[in-house]
Amino acid sequence: MENGYRPSPPQDGFQARRLISVDDLSTDDIRYLLALAEHYAGFLRMGARPQQRLAGKTQVNLFFEDSTRTNLSFELAGKKLGADVINVPVAASSVNKDEGFIDTVQTLAAMGAHAMIVRQQSPGRLEELAGRLSCPVINAGDGAQEHPTQALLDAATILSALGTLEGKVIAICGDIKRSRVAGSDARLFKRLGAEVRFVAPRHLLPDETAAGGATLFDSLKDGLAGADIAMALRMQFERMASDAERDEARRDYFATFGLTSDTLSYAKPDAFVMHPGPMNRGVEIDGALADDPRRSLILQQVFYGVATRMACLDALVASGGTSAAIGGDRADR
Ligand code: NCD
């Protein structure tokens with residue numbers, strides 16, 4: 001176990017000052033975060049206490065959309081590193097009194113936040129926020145745009161299972177068009193040398209231009225051929241326009257595109273399945289396959305979620321000197 005040795009930051013230092021998109025990270029930043037995630041995974045496996053790199057820092061979790069694992073995972077990650085973590089009870093907050101998003105976040109920042117973890121709906125809002133706040137903003141999922149820490153934890157999980165992403169074939173299957181995970185995953189996995197495929201019926205596929213370099217397949221058999229990883233994405237029922245669309249997705253998708261131990265045989269013989277959760281069992285993935293420890297990495301993804309978010313908080317926040325409340329000087333990081 002290598003957890004006595006912290007991985008060294010990139011030669012020119014860790015460059016990113018926020019994490020809104022995977023494109024905020026240089027390839028060196030990505031490799032450093034993945035090495036740091038594995039370092040923290042070692043502590044988590046042993047139940048050992050890592051250095052309290054966030055002692056004295058305040059982390060604010062602000063989730064305007066539903067979340068279980070992402071929110072808890074950020075909370076646990078911050079606490080493991082010694083931060084004071086505040087979860088804003090959005091449903092009971094002044095947002096419901098029409099206080100604008102930016103005002104709400106600025107108010108929280110003024111209380112002394114050193115990191116602002118935000119999940120919200122609108123593309124572009126986080127950009128505006130990052131321009132106004134001096135503490136790092138971390139995107140915990142924005143509408144159908146981006147989910148950078150999910151992409152990092154997925155990469156960390158694949159690395160732990162396969163040793164590398166270089167040359168690996170990763171087939172992402174499901175409601176790609178409405179997913180914020182698909183695009184972030186595709187761009188990150190490509191940066192690490194993988195071949196990425198989007199596999200879904202035509203109406204669930206994005207335009208080629210929005211595919212982040214992934215190749216599009218509308219046949220499960222063709223899309224899974226030679227794949228090392230088959231990742232299922234959730235049918236995003238809540239984002240569908242009508243009951244008819246929801247009924248059709250519930251009824252028809254599994255028969256033609258569901259991941260089962262039978263359909264997984266289109267992929268490499270030792271291929272793994274993944275799913276960012278929450279899962280619709282019997283819709284995008286068969287429950288027995290999801291639960292099969294020889295084929296499924298789904299719980300490893302949850303485990304690496306904590307380790308990866310520890311890495312992100314460490315790299316973005318730990319060496320920052322001041323909080324947003326007192327003007328935050330980024331030069332001292
Ligand atoms: C995803 C999310 O919420 O963006 N899940 C997650 O963060 N673990 C995917 C989803 O909603 O389906």
Side-chain angles (χ1 to χ4, degrees), residues 19-22 37 61-78 87 90 117-123 125-126 137-158 170-189 196 198-200 204-206 210 212 214 229-240 245-246 249-250 253-254 257-259 273-285 287 290 296-313:
L19 186 48
I20 295 177
S21 156
V22 293
N61 293 342
L62 186 54
F63 282 63
F64 291 94
E65 287 193 318
D66 294 346
S67 172
T68 307
R69 68 208 77 212
T70 303
N71 196 347
L72 290 176
S73 170
F74 268 113
E75 178 173 0
L76 194 52
N87 284 305
V90 167
I117 319 300
V118 187
R119 169 171 286 194
Q120 56 84 55
Q121 169 78 24
S122 305
R125 270 252 176 99
L126 293 181
V137 173
I138 301 182
N139 182 357
D142 60 340
Q145 307 299 305
E146 279 267 5
H147 198 350
T149 59
Q150 181 70 44
L152 286 161
L153 78 88
D154 287 341
T157 305
I158 297 170
I170 302 170
I172 301 178
C173 315
D175 191 351
I176 315 261
K177 202 158 133 179
R178 295 185 188 85
S179 169
R180 52 188 164 217
V181 176
S184 295
D185 270 0
R187 276 176 292 121
L188 188 78
F189 298 168
V196 184
F198 284 167
V199 186
L204 295 180
L205 287 171
I229 299 281
M231 184 183 306
L233 295 181
R234 186 173 67 88
M235 277 304 132
Q236 308 246 330
F237 291 114
E238 78 281 13
R239 296 187 209 275
M240 291 181 190
E245 199 178 349
R246 278 184 276 275
R250 265 200 192 92
Y253 181 85
F254 188 70
F257 279 89
L259 291 182
V273 286
M274 297 175 69
H275 193 309
M279 282 186 275
N280 296 304
R281 289 169 181 257
V283 177
E284 64 267 354
I285 188 165
S296 171
L297 298 175
I298 294 170
L299 294 178
Q300 271 93 310
Q301 289 173 270
V302 179
F303 170 78
Y304 272 100
V306 180
T308 303
R309 289 172 177 128
M310 288 170 80
C312 293
L313 290 166

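For ligands, and for the atoms within them, numbers begin at 1 and follow the listed sequence. Just so you know, these numbers come straight off a predicted model, no measurement behind them.
- What sits closest to atom 4 (O) of ligand 1 on the protein, heavy atoms only, is Arg180 NE, 2.5 Å.
- Panel note: side chain Asp175, backbone Met235; no donor-acceptor pair is recorded below 3.5 Å.
- Checked against a 3.5 angstrom limit, the closest N/O atoms of Gly277 and ligand 1 fall inside it.
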*Test log, rule salt bridge (charged side-chain N to carboxylate O under 4.0 Å, His left out), inputs Glu238 and Arg178*: CA-CA 10 Å; Glu238 78 281 13; Arg178 295 185 188 85; over 6 Å; no

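- Pro276 O, 3.0 Å is the protein heavy atom nearest to atom 8 (N) of ligand 1.
- Checked by atom type, the side-chain pair His275/Gln301 shows no donor-acceptor distance below 3.5 Å.
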*Please walk me through it: do Glu245 and Lys177 pass salt bridge (charged side-chain N to carboxylate O under 4.0 Å, His left out)?*
CA-CA 14 Å; Glu245 199 178 349; Lys177 202 158 133 179; over 6 Å; no

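- Heavy-atom proximity to Thr70, at under 4.0 Å, picks out these atoms of ligand 1: 6 (C), 7 (O), 8 (N).
- For ligand 1, the atoms sitting less than 4.0 Å from at least one non-hydrogen atom of Arg119 are 2 (C), 3 (O), 4 (O), 7 (O), numbered in the order shown with element in parentheses.
- Of the N and O atoms on the side chains of Glu75 and Asn87, at least one donor lies less than 3.5 Å from an acceptor on the other residue.
- The protein non-hydrogen atom at the shortest distance from atom 10 (C) of ligand 1 is Arg234 NE, 3.3 Å.
- Atoms of ligand 1 found under 4.0 Å from any heavy atom of Arg69 (numbered from 1 in listed order, with element): 8 (N).
- Counting heavy atoms from C-beta outward, Ile172 and Val199 have side chains that stay 4.5 Å or more apart.
- The contact set between ligand 1 and Gln236, taken as ligand atoms under 4.0 Å from a residue heavy atom, comprises 10 (C), 11 (O), 12 (O).
- For the salt bridge (Lys or Arg N to Asp or Glu O under 4.0 Å) test with Glu146, the passing option among Arg187, Arg180, Arg125 is Arg187; the others fail.
- Residue His147 has at least one heavy-atom neighbour below 4.0 Å for each of these atoms of ligand 1: 2 (C), 4 (O), 6 (C), 7 (O).
- Atoms of ligand 1 found under 4.0 Å from any heavy atom of Gln150 (numbered from 1 in listed order, with element): 6 (C), 7 (O), 8 (N).
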